[in-house]
Amino acid sequence: MPTAILNDYLRRAIERKDYQAVRQFLEEFQAVDLAELLQTVPVDGARELLMYLPVVQRASVFGHLPVDWQSQLTTAMTDKEVSQLLRHLDADEGADLLHVLPEHRHDRVLRKIAHAEREALRRLASYEEGTAGAIMTSDYMTVPAKITVGEALDVIRKSAPSAELIYQIYTVDAQYRLIGTLSLRELIMNKPEAQIKDVITTDMVKTKLSAKQEDAAKLISRYDLLSLPVVDDDERLVGIITYDDAMDVAEAEATEDMHRGATIGPLAGNFRDARLFTLYRKRILWLLLLVFGNLISGAGIAYYEDTIAAYVVLVFFLPLLIGSGGNAGSQAATLVVRGIATGDVAISDWGKLLLKEIAVASGLGLTMAATVSLLGVYRGGFDIAWVVALSMICIVMIGSLVGLCLPFILNRLGWDPATASAPLVTTIADASGVLIYFWIANWILHLPAP
């Protein structure tokens, strides 16, 4: 194991098999910090370190590891070691672990777990990826509605060790239909003889099993919830989504949007540990498509060869103009994509935003045109200045409108609007910018059509 991570004391303790000293050293780490440390050593070394920990701490550290590392570690573990992890992981993390285990190991591992836990894990693991059911946990706190506050506190004391979250409590009827909720604070502040049914809140925010996980995360963020109840079609409570799981979903969605915005396919793991071929495969498709898109720009330049030959100075302004159109388009696309992602923008807002973008793009184009026209006068006279200024206004306008409209179009087609970000918008703006620039040059400079 690298000495950059394990100091001489720890290394010597391992060599002399002083497991107590190793355990004491590792217990100084927070679970999330130890999970980060494990990712810097080979898998066999990481497994060895993990096994020095008490099983409860081992499960806590394992839950903070990325999926690809969990897969590698469980491959190196025995069925007994994996089943120990499953017994001590939170229910939702245990379901995730089943997803990374090969199917032929499922029965062998689950046979070593109590029947009730086994069935709960199988049920959680059966929900479709990307849905609220896939990220919920079944370790939540419920109390009957027909008991007193004092009796409810007794129930919570007995059930708390097995619950992932005790700060939000739910009430259900005999059919397990969700009735209401209250916080632990509200429970403590009420008199012991008060009836639970009289202190609960029945106006709740909840979600369905089949709802998208990003929609569930948005609900938690919008209403500042500690947890979000998940119900089935009969309104029976089947699980909760906790705030930390919602944060993980939000981070994953933001990362995926950033990747798509750069026309990179989603990565299953992290960038540091991704294989060379995986990175190549995730990036090459869009790059090839954008190459063909850029051929339009080249064809436009070739079409106006005579114009360029007559006024070579036009070439000086070409990168500046098409770059400005691409930049303006990328800005507009970023604003729309983020607005759609956060729910601030809907398809019905397109007309209003179009008028607003026309006004903003006009202001941007005029300001930039005034700036470059001075350079145009210096480099080629007033005629060139007019060409450059008018081209700048038109190119910025077209780029901005492409950047605004493309995310709406993709969203309408059911595709991810994040795909419309910088590279795609820039490619379209570049191609249209070349054609606009030289067409305006021909018109103002009274050159014959190519």
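The structure displayed is predicted, hence computed values, not measured ones.
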Item checked: Reported CD1-to-CG distance for the pair Ile166 and Leu187, which is rounded to 0.5 angstrom -> 10.5 Å
Check: With distance as the sole test, does Gln39 use its side chain to make a donor-acceptor pair with the main-chain N or O of Ala35 at under 3.5 Å?
Finding: yes
Notebook entry, point to check: Is there a donor in the side chain of Thr242 and an acceptor in the side chain of Asp245, or the other way round, less than 3.5 Å apart?
Noted result: yes
Notebook entry, point to check: What is the distance from atom NZ of Lys218 to atom CD of Glu214, rounded to the nearest 0.5 Å?
Noted result: 6.5 Å
Checklist line | Check: Asp203/Thr201 side-chain N/O donor and acceptor closer than 3.5 Å | finding: no
Check: Taking the side chain from Arg236 and the backbone from Arg177, do they hold a donor-acceptor pair closer than 3.5 Å?
Finding: no
Check: Ile241 and Ala216: which non-hydrogen atoms are nearest, and at how many Å?
Finding: CD1-CB, 3.7 Å
Notebook entry, point to check: Roughly how far, to the nearest 0.5 Å, is the CD atom of Gln168 from the CZ atom of Arg185?
Noted result: 13.0 Å
Next item on the list: Drop me the distance from Leu335's CG to Asp344's CG, to the nearest 0.5 angstrom.
Entry: 11.5 Å
Item checked: Heavy-atom check, side chain of Gln213 versus side chain of Thr131, under 4.5 Å -> no
Checklist line | Any side-chain heavy-atom pair of Phe62 and Leu97 under 4.5 Å | finding: yes
Note to self: Are the side chains of Phe317 and Tyr437 in contact, using a 4.5 Å heavy-atom criterion?
What the structure shows: yes
Next item on the list: Compare every heavy atom of Val425 with every heavy atom of Ser330, then report the nearest pair and how far apart it is.
Entry: N-CG1, 3.9 Å
Next item on the list: May I ask you to test the Ser83-Arg87 pair for a side-chain heavy-atom distance under 4.5 Å?
Entry: yes
Notebook entry, point to check: Between Gly365 and Met392, what is the shortest heavy-atom contact and its length?
Noted result: O-CG, 4.0 Å
Next item on the list: Might you point out which heavy atoms bring Ser400 and Ala328 nearest each other, and give the distance in Å?
Entry: OG-CB, 3.5 Å
Next item on the list: Please step through side chain to side chain donor-acceptor pair (under 3.5 Å) for the pair Ser227 and Tyr170, ending with a clear verdict.
Entry: CA-CA 11 Å; Ser227 62; Tyr170 299 96; 2.6 Å; yes
Notebook entry, point to check: Would you call Leu184 and Ile169 a side-chain contact if the rule is heavy atoms closer than 4.5 Å?
Noted result: yes
Next item on the list: Taking atom CZ of Arg105 as the centre, report whether more than 12 heavy atoms of other residues, nucleotides or ligands fall under 6.0 Å from it.
Entry: yes
Margin query: I'd like to know whether Trp443 forms a side chain to side chain contact (heavy atoms under 4.5 Å, CB included) with Leu390, so could you lay out the CA-CA distance, the side-chain angles of the two residues, the decisive distance to 0.1 Å, and finally the verdict.
Written below: CA-CA 11 Å; Trp443 173 54; Leu390 189 55; 3.6 Å; yes
Note to self: Within the 4.5 Å heavy-atom criterion, are His106 and Leu98 side-chain neighbours or not?
What the structure shows: yes
Notebook entry, point to check: Does NZ or CZ of Arg379 lie under 6.0 Å from the centre of the six-membered ring of Phe316, at an angle within 45° of the ring axis?
Noted result: yes
Notebook entry, point to check: Got a donor-acceptor contact below 3.5 angstrom from the Asn442 side chain to the Trp439 backbone?
Noted result: no
Note to self: Would you say CG of Asp233 has more than 12 non-hydrogen atoms from neighbouring residues, nucleotides or ligands within 6.0 angstrom?
What the structure shows: no
Note to self: I want to check something: taking the side chain as every heavy atom from C-beta on, are Leu53 and Leu34 in contact at a cut-off of under 4.5 Å?
What the structure shows: yes
Next item on the list: Show your working on side chain to side chain contact (heavy atoms under 4.5 Å, CB included) between Glu129 and His99 and close with a plain yes or no.
Entry: CA-CA 10 Å; Glu129 285 295 311; His99 285 139; 3.0 Å; yes
Check: Between Val82 and Val109, what is the shortest heavy-atom contact and its length?
Finding: CG1-CG1, 3.9 Å
Next item on the list: Indicate the atoms forming the closest heavy-atom contact of Leu354 with Leu404, along with that distance.
Entry: CA-CD2, 3.5 Å
Item checked: Distance, nearest 0.5 Å, that separates OG1 of Thr181 from CD1 of Ile240 -> 9.5 Å
Next item on the list: Using a cut-off of 6.0 Å, state whether more than 12 heavy atoms not belonging to Arg222 lie near its atom CZ.
Entry: no
Margin query: Could you check whether atom CZ of Arg122 has more than 12 heavy atoms from other residues, nucleotides or ligands sitting under 6.0 Å from it?
Written below: yes
Margin query: Go through it in stages, so that I can follow the logic: the residues are Tyr243 and Leu225, the test is side chain to side chain contact (heavy atoms under 4.5 Å, CB included), and I'd like the CA-CA distance, side-chain angles, deciding distance and then a yes or no.
Written below: CA-CA 7 Å; Tyr243 184 79; Leu225 303 175; over 6 Å; no
Margin query: Whether the side chain of Ser60 engages the backbone of Gln57 through a donor-acceptor N/O pair (distance < 3.5 Å, no angle test) should be reported.
Written below: no
Note to self: For the backbone of Glu235 and the side chain of Asp232, can you confirm whether one donor and one acceptor N or O come within less than 3.5 Å of each other?
What the structure shows: yes
Next item on the list: Working to the nearest 0.5 Å, report the span between OG1 of Thr171 and CD1 of Ile200.
Entry: 3.5 Å
Next item on the list: Taking Ser373 for its side chain and Ala369 for its backbone only, find out whether a donor-acceptor pair lies under 3.5 Å.
Entry: yes
Next item on the list: Mind running side chain to side chain contact (heavy atoms under 4.5 Å, CB included) on Val231 and Lys208 for me, showing each step along the way?
Entry: CA-CA 5 Å; Val231 297; Lys208 294 285 188 180; 4.2 Å; yes
Item checked: Close side-chain approach of Leu228 to Tyr223, heavy-atom, < 4.5 Å -> no
